[in-house]
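The structure under discussion appears below in the form of structure tokens.
When reading the values below, keep in mind they use all heavy atoms of this one structure, side chains included, and skip hydrogens, waters and symmetry mates.
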Amino acid sequence: MQISKLVSVYAIAFASAICAADVPPGGVEVPLNGDRGGGQSGLFIDSGKKVVVGRKRIVEVYDVEKKTMVGSQEIKGGAVNVILPADSDGSHLLVGAGTMLSVLDSETIKLGGVFEMSGPGPRFVGVIPAGGLFWFAAGTNIKCFDIQSGAAKDCAIAPVAAPLSAFAIATDGSHLAYAVQGAGAGDVTVVDVKTGKVTSEIKGKSMNVGMPPPAVSSVVFSPDSKEVAVNIGLGPLRRHSVETGQLIAEYADDAGVLVAYSGDGTMFARVTQNASMQRTVTVYKLSGGSVVAKLPVGKVSVTSLAFSHDGKLLVIIPAAKAFYLCPMTVGKK
């Protein structure tokens, strides 16, 4: 199951092998508890005091200061490959595992509602915390549901022309963005959620003469919902205006596979890999694009990135039995 995440949106293929990762310079390694495989997703909760990590059929909570697990909850489904804030005050989480979506209390980590979602893959989930809705996209359909009851709501989004390959909802709920498989796979369509009408079309760009543009692998809205980051498979990252589709900036130093924005909108982090499959998490300033930090992690796949609420910490979750807390004062370039 492939899932995109709102706020810091992820839509990637998760590695199943558990490998050793290199601890980033200045980072702190936090071992994962027990034998549930590597982390697949994660985010900060409790104002950055805790990290929630999704693994195989379980959600675990780790204390940032103590570096130890302080709670867990068994989850129905398979590997937990998405965890989203389910409401504006962060009191609940929406957890995706296989075809199952679960609502958790973020303080007690106790299980609330459980919904089973069906549809041809890949499948994507997004949340509008202030609106009490979650969006589910699969095949050519994009639908929204009440986050407490799971009841379908009336959404003005018509079926798309071909099966989806990427999907995201803006933080403020104003727009959604998607890409499709097949013809036009390198393009992104931005839609006004209220009217269902297209706001902008972002056209793909060929990387080789005579070849079609490479397919889009993920789309990510910025925290202010004014721009959308378009990740091109193992290619460049491009930031575009939501309203006009105009290119804001392009990053093509290495092939990129994952993107996350800081909550305050001042930075974003990007996982890249070179020809030798060595992966690096690079943190950029949003204004000007200068590099804040370079954090090499070796050849292990990185499955999730998230900034703390104040932007002072970045959690890197690889396909390994540990995750890494990296202060944004390390890895400076």
- request: Let me know which of Ser304, Ser106, Ser41 forms a side chain to side chain contact (heavy atoms under 4.5 Å, CB included) with Ile83.
  value: Ser41
field: Sub-4.5 Å side-chain heavy-atom contact between Arg279 and Ser301
entry: yes
- prompt: What heavy-atom pair brings Val230 and Ile232 nearest, and what distance separates the two atoms?
  reply: CG1-CD1, 3.7 Å
query: Would a 4.5 Å heavy-atom cut-off, applied to side chains only, mark Trp135 and Ile157 as touching?
result: yes
query: Who are the ring-ring contact (aromatic ring centres under 6.0 Å, His included) partners of Tyr62, not counting sequence neighbours?
result: Phe323
query: side chain to side chain donor-acceptor pair (under 3.5 Å) with His175: which residues, sequence neighbours excluded?
result: Thr199
- request: Could you list all the disulfide bond (SG atoms under 2.5 Å apart) pairs where at least one residue sits in residues 25-144, not counting sequence neighbours?
  value: Cys144-Cys155
message: Strictly by salt bridge (charged side-chain N to carboxylate O under 4.0 Å, His left out), give each pair with a member in residues 92-114 just once, sequence neighbours left out.
response: none
- request: With salt bridge (Lys or Arg N to Asp or Glu O under 4.0 Å) as the test, would you mind laying out the steps for Lys203 and Asp187 before giving the verdict?
  value: CA-CA 5 Å; Lys203 294 298 182 181; Asp187 302 338; 3.7 Å; yes
- prompt: Between Ile58 and Val80, what is the shortest heavy-atom contact and its length?
  reply: O-CG2, 3.6 Å
query: Is the number of heavy atoms from other residues, nucleotides or ligands under 6.0 Å of Gln278 CD greater than 12?
result: yes
task: Evaluate the side-chain proximity of Ile142 to Leu164: yes if any heavy-atom separation is below 4.5 Å, no if none is.
output: yes
message: Run Tyr178 and Val160 through side-chain contact (heavy atoms from CB on, under 4.5 Å) and show every step you take.
response: CA-CA 9 Å; Tyr178 66 84; Val160 300; 3.4 Å; yes
query: Looking at residues at least two apart in the chain, or sitting in another chain, which of them share a ring-ring contact (aromatic ring centres under 6.0 Å, His included) with Phe44?
result: none
query: Once the angle between the rings of Phe134 and Phe115 is folded into 0 to 90°, is it parallel (under 30°), tilted (30 to 60°) or perpendicular (over 60°)?
result: parallel
message: Using side-chain heavy atoms (C-beta onward) and a distance below 4.5 Å, is Val228 in contact with Ser222?
response: no
- prompt: Do Val30 and Val315 come close enough that some side-chain heavy atom pair is under 4.5 Å?
  reply: no
field: Residues forming a side chain to side chain donor-acceptor pair (under 3.5 Å) with Arg36, sequence neighbours excluded
entry: Glu74
message: Tell me whether Lys66 at atom NZ has more than 12 heavy atoms from other residues, nucleotides or ligands lying less than 6.0 Å away.
response: no
- prompt: Once the angle between the rings of Phe268 and Tyr261 is folded into 0 to 90°, is it parallel (under 30°), tilted (30 to 60°) or perpendicular (over 60°)?
  reply: tilted
task: Could you tell me which residues satisfy side chain to side chain donor-acceptor pair (under 3.5 Å) with Asp264, sequence neighbours excluded, listed by chain and number?
output: Ser262, Thr266
query: Between the side chains of Thr189 and Glu201, is a donor N or O closer than 3.5 angstrom to an acceptor N or O?
result: yes
query: What residues form a salt bridge (charged side-chain N to carboxylate O under 4.0 Å, His left out) with Arg55, not counting sequence neighbours?
result: Glu60
message: Which residues pass the salt bridge (charged side-chain N to carboxylate O under 4.0 Å, His left out) test with Asp89, not counting sequence neighbours?
response: none
- prompt: Looking at side-chain heavy atoms only, is the closest gap between Ile202 and Gln246 below 4.5 Å?
  reply: no
query: Which residues satisfy the salt bridge (charged side-chain N to carboxylate O under 4.0 Å, His left out) test with Asp87, sequence neighbours excluded?
result: none
- request: Name all pairs fulfilling the side chain to side chain donor-acceptor pair (under 3.5 Å) condition that reach into residues 140-152, sequence neighbours left out, sorted by first residue then second.
  value: Asp146-Ser149
- prompt: What residues form a salt bridge (charged side-chain N to carboxylate O under 4.0 Å, His left out) with Glu250, not counting sequence neighbours?
  reply: Lys205, Arg238
